[in-house]
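Whatever order the structure lists them in is the order used to number ligands and atoms, beginning at 1. Predicted, not measured: the structure shown is a model, and the values here were computed from it.
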Amino acid sequence: MLIAITREVSRSIAQCELTHLSRVQIDLELARTQHQHYQQALTELGCKVVGLAEQPDLPDSVFVEDIAIVLDECAVITRPGAESRRPETDSVARKLGEYRKLGFIEAPGTLDGGDVLRVDRTLYVGLSGRSNNAAVDQLRSLIARYGYTVKAVEVSGCLHLKSAVSQVAENTLLVNPRWVKAADFGGADFGAVEWLEIDPAEAYAANTLLIDKSIIYPTSFPRTRQRLEQRGIPVVAVDVSELQKAEGAVTCCSLVFKQPATAA
Ligand code: CIR
């Protein structure tokens, strides 16, 4: 059983952080409807959705991915790079504490979960505007005991590492080659992983949420979707236009992890 932690879209989402996008009006009701459809997609793919209460004063709190890294053995609560997002951690930590032992990133470390791409036992961490080397070192020392390798990689031109690269199948990564370098992901620990490039006309198309063998994927990238389907990757398409205006995507709206076998 997979658990997917989500959080209702905040009524203050119009005041969200924006780094690479200009502010445009967000339709709150539509954002909430789209978020419900996203949660339905998670349910259809076998997740039990655990919804956290809305945080009316925290505009970006729907983007729960940034607040934790959840592994089978533990969860690490981040210290988000944007100061406005740091109060989001308390309630996520309380919920995750029901499922995992917790570790914490501390100052001067800053880390957003959107910068962490796990492939098997390797965690790639994007050194974006949100995540720094101090956090990489802390993350490494928190999880090395479980046999994970933590590797910092350069990312430029986008908000997070997973804006530029995400996993779409056991052995395939979807990538925007303008924002990350394939060579950074090489090495013996990376085995025979293949790169699939996005359609160049769809810069934001590299973020997908892999659940088992299917991906949840925005409707707004039809060209890249065609590339994915040609590879035989099952796509569950969701319209997330309003969350995209807040610089969100599909990985960022959930924390998906295995329920421990011993949990009720
Ligand atoms: C932010 O700038 O923090 C939010 N407006 C968007 C966060 C999106 N998070 C993600 O893709 N992991």
Cys252 side, atom SG; Glu65 side, atom CD - distance, nearest 0.5 Å: 6.0 Å

Report the nearest protein non-hydrogen atom to [atom]: residue, atom name, distance rounded to 0.1 Å.
{"atom": "atom 4 (C) of ligand 1", "result": "Asp60 OD1, 3.1 Å"}
{"atom": "atom 8 (C) of ligand 1", "result": "Glu247 O, 3.4 Å"}
{"atom": "atom 11 (O) of ligand 1", "result": "Cys252 CB, 3.2 Å"}

Does an N or O from Thr251, backbone or side chain, lie closer than 3.5 Å to an N or O of ligand 1? no

Where's the contact between Arg130 and ligand 1, heavy-atom distance under 4.0 Å: side chain, backbone, both or neither? side chain

Side chain, backbone, both or neither: the part of Glu65 lying under 4.0 Å from ligand 1 by heavy atom: side chain

If we only count heavy atoms from C-beta on, is the [X] to [Y] side-chain gap below 4.5 Å?
{"X": "Gln167", "Y": "Thr172", "result": "no"}
{"X": "Tyr217", "Y": "Val236", "result": "no"}
{"X": "Leu228", "Y": "Leu174", "result": "yes"}

May I ask you to list the atoms of ligand 1 that are less than 4.0 angstrom from any heavy atom of His160? 9 (N), 10 (C), 11 (O), 12 (N)

Which ligand 1 atoms are under 4.0 Å away from a heavy-atom of Ala246? 4 (C), 5 (N), 6 (C)

Note: Arg225-Glu202 ion pair, threshold 4.0 Å (strictly below): no

Work out whether the distance between some heavy atom of Thr19 and some atom of ligand 1 is less than 4.0 Å. no

Yes or no: does Asp66 have any heavy atom under 4.0 Å from an atom of ligand 1? yes

Look at the aromatic rings of Tyr148 and Tyr146 and report parallel, tilted or perpendicular, splitting at 30° and 60°. perpendicular

On the 0 to 90° scale, with breaks at 30° and 60°, tag the Trp195-Phe185 ring pair as parallel, tilted or perpendicular. perpendicular

